[in-house]
Amino acid sequence: MNQKGCVVWITGLSGSGKSTLACALSRELHSRGHLTYVLDGDNLRHGLNRDLSFKAEDRAENIRRVGEVAKLFADAGLICIASLISPYRSDRSACRNLLPKSSFIEVFLNAPIEVCEARDPKGLYKLARAGKIKGFTGIDDPYEPPSDCEIVIQCKIGDCPSPKSMADQVVSYLEVNGFLHE
Ligand SMILES: Nc1ncnc2c1ncn2[C@@H]1O[C@H](COP(=O)(O)OS(=O)(=O)O)[C@@H](OP(=O)(O)O)[C@H]1O
Ligand SMILES: Nc1ncnc2c1ncn2[C@@H]1O[C@H](COP(=O)(O)OP(=O)(O)O)[C@@H](O)[C@H]1O
């Protein structure tokens with residue numbers, strides 16, 4: 001294969017653009033002839049993880065399962081893109097430890113809550129502010145930002161990189177670090 005298997009793990013608040021980045025990255029890599037698979041937290045919660053809630057233990061189990069599945073894809077040589085809020089450092093670190101050194105690439109989509117809340121494509125922030133959803137990340141549940149991740153994508157109020165430009169930032173990292181071969 002013209003690539004080295006790895007896991008690109010995208011973490012960030014709801015609405016920060018994780019799925020958008022996962023999709024743009026997957027498209028970009030496909031167009032260059034690479035094989036990828038996207039594991040999206042929100043989608044997996046309708047199938048593999050439909051028995052899990054949003055309490056801390058269930059979020060940990062959600063992330064553990066996705067980490068194990070991502071490892072299988074990486075073992076098979078794919079570039080596996082996992083996009084989950086994954087709010088706890090300890091859960092992300094446990095996934096990192098499942099993989100060979102340097103094959104877990106943590107991407108922090110650092111969009112302030114103001115940006116995510118203004119987007120609110122599913123209306124969940126509105127419901128959380130109204131107290132109709134309890135334990136919503138960033139409102140009344142924690143989000144622990146990474147302290148030592150491989151890539152930070154910075155998004156400011158009124159100034160977010162385009163999906164293509166976010167994807168290009170990750171592709172450059174993969175190129176420089178020997179995950180993509182000609
Ligand atoms: N309480 C609460 N907190 C956070 N998010 C909530 C909650 N309830 C529902 N949702 C929706 O679930 C999506 C996040 O699922 P994840 O599997 O990525 O979450 S986690 O990693 O287990 O924390 C998340 O999707 P994204 O917006 O794509 O991140 C939300 O749409
Ligand atoms: N870089 C970006 N610039 C502008 N809008 C964006 C960007 N990334 C995502 N969005 C928009 O923000 C909303 C949330 O994006 P999404 O990818 O669903 O986030 P998440 O998966 O983190 O919840 C969507 O409406 C999406 O079109």
Side-chain angles (χ1 to χ4, degrees), residues 7-28 36-70 80-96 98 104 106-146 149 151-172:
V7 174
V8 175
W9 189 279
I10 306 167
T11 173
L13 293 170
S14 175
S16 59
K18 301 180 299 298
S19 308
T20 302
L21 168 57
C23 181
L25 176 60
S26 176
R27 273 169 189 266
E28 184 59 33
T36 65
Y37 196 81
V38 175
L39 296 172
D40 188 78
D42 204 22
N43 292 338
L44 292 170
R45 279 177 172 277
H46 293 108
L48 177 69
N49 295 330
R50 70 175 163 210
D51 55 323
L52 301 175
S53 76
F54 287 91
K55 65 183 184 201
E57 306 92 276
D58 280 5
R59 289 188 199 249
E61 175 59 11
N62 180 36
I63 286 142
R64 187 194 70 78
R65 287 183 199 171
V66 178
E68 292 285 357
V69 174
C80 184
I81 305 162
S83 46
L84 292 91
I85 297 178
S86 43
Y88 296 106
R89 259 182 225 122
S90 57
D91 298 335
R92 297 192 300 265
S93 159
C95 289
R96 178 183 290 278
L98 291 173
F104 183 87
E106 192 171 337
V107 181
F108 177 29
L109 231 176
N110 190 9
I113 190 145
E114 291 79 1
V115 168
C116 302
E117 196 167 352
R119 288 176 175 167
D120 204 10
K122 302 174 208 158
L124 297 176
Y125 281 97
K126 203 167 174 218
L127 290 174
R129 289 284 184 201
K132 292 182 180 151
I133 299 178
K134 302 275 181 219
F136 196 77
T137 305
I139 305 289
D140 56 350
D141 223 46
Y143 179 79
E144 299 173 356
C149 62
I151 303 172
V152 180
I153 294 177
Q154 198 65 52
C155 187
K156 295 189 198 125
I157 298 168
D159 179 22
C160 287
S162 69
K164 167 89 166 76
S165 136
M166 300 196 291
D168 286 347
Q169 204 178 322
V170 180
V171 170
S172 299

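Predicted, not measured: the structure shown is a model, and the values here were computed from it. We count ligands from 1, going down the list as the structure has it; atoms in each ligand are counted the same way.
Minimum heavy-atom separation, Ser26 to Val38: CB-CG2, 3.9 Å. Among all heavy-atom pairs drawn from Pro112 and Cys155, the shortest one is CD-O, 2.9 Å.
Set against the non-hydrogen atoms of Gly41, the atoms of ligand 1 under 4.0 Å away are 17 (O), 18 (O). Near Ile63, with a cut-off below 4.0 Å to any heavy atom, the atoms of ligand 1 are 21 (O). Near Lys18, the atoms of ligand 1 lying under 4.0 angstrom from a non-hydrogen atom of the residue are 29 (O). When each atom of ligand 1 is checked for a heavy atom of Gly15 under 4.0 Å away, the hits are 27 (O). Every atom of ligand 1 is numbered from 1 in the order shown, and the set under 4.0 Å from a heavy atom of Gly135 is 1 (N), 2 (C), 3 (N).
Polar contact with ligand 2: absent for Met166 (N/O pair, distance under 3.5 Å). Remark: ligand 2 and Ser14 share no N or O pair separated by less than 3.5 Å (distance only, no angle test). Taking any N or O of Pro121, backbone or side chain, none lies under 3.5 Å from an N or O belonging to ligand 2. Looking at Asp40 next to ligand 1, no N or O pair under 3.5 Å apart turns up. In terms of N/O distances under 3.5 Å, ligand 1 is approached by Lys122. For ligand 2, one of its N or O atoms has an N or O atom of Gly17 under 3.5 Å away. At least one N or O atom of Lys18 sits closer than 3.5 Å to an N or O atom of ligand 2. Between Ser14 and ligand 1, at least one pair of N/O atoms sits closer than 3.5 Å. Considering backbone and side-chain atoms alike, Ser19 places an N or O below 3.5 Å from some N or O of ligand 2.
By the criterion of a heavy-atom distance under 4.0 Å, neither the backbone nor the side chain of Asp42 is placed next to ligand 2. Looking at Phe54 against ligand 1, only its side chain comes within 4.0 Å, counting heavy atoms. The part of Leu124 lying near ligand 1 is the side chain, judged by heavy-atom distances below 4.0 Å. At a heavy-atom cutoff of 4.0 Å, ligand 2 is contacted by no atom of Cys155, backbone or side chain.
Taking the six-membered ring where tryptophan is involved, the planes of Phe136 and Tyr125 are perpendicular, since the angle between them exceeds 60° and thus also 30°.
Looking at Asp42, Ile10, Leu127, it is Asp42 that brings a heavy atom closest to atom 24 (C) of ligand 1. The option with the heavy atom closest to atom 5 (N) of ligand 1, from among Leu109, Asn62, Ile85, is Ile85. Of the options Arg119, Lys164, Lys122, the smallest heavy-atom separation from atom 5 (N) of ligand 2 is shown by Arg119. Comparing Thr20, Asp120, Ile10 against atom 15 (O) of ligand 2, the shortest heavy-atom distance belongs to Thr20.
Counting heavy atoms from C-beta on, the side chains of Ile139 and Ile113 come closer than 4.5 Å. Put simply, the side chain of Pro87 does not reach to within 4.5 Å of the side chain of Asp141, judged on heavy atoms. A heavy-atom distance below 4.5 Å is not found between the side chains of Leu21 and Ser83. At least one side-chain heavy atom of Val69 sits under 4.5 Å from a side-chain heavy atom of Leu48.
Ligand 2 has at least one atom lying under 4.0 Å from a heavy atom of Leu13. Using a non-hydrogen distance threshold of 4.0 Å, Ser16 registers as a contact of ligand 2. Taking 4.0 Å as the cut-off, Asp141 does not count as a neighbour of ligand 1 on heavy-atom distance.
Taking the ring axis of Phe54 as reference, the NZ or CZ atom of Arg45 stays within 45° of it and closer than 6.0 Å to the ring centre.
A donor and an acceptor atom, one from each side chain of Asp91 and Ser86, are nowhere located under 3.5 Å apart.
Closest protein heavy atom to atom 1 (N) of ligand 2: Pro161 O, 2.7 Å. What sits closest to atom 21 (O) of ligand 1 on the protein, heavy atoms only, is Ser86 N, 2.8 Å.
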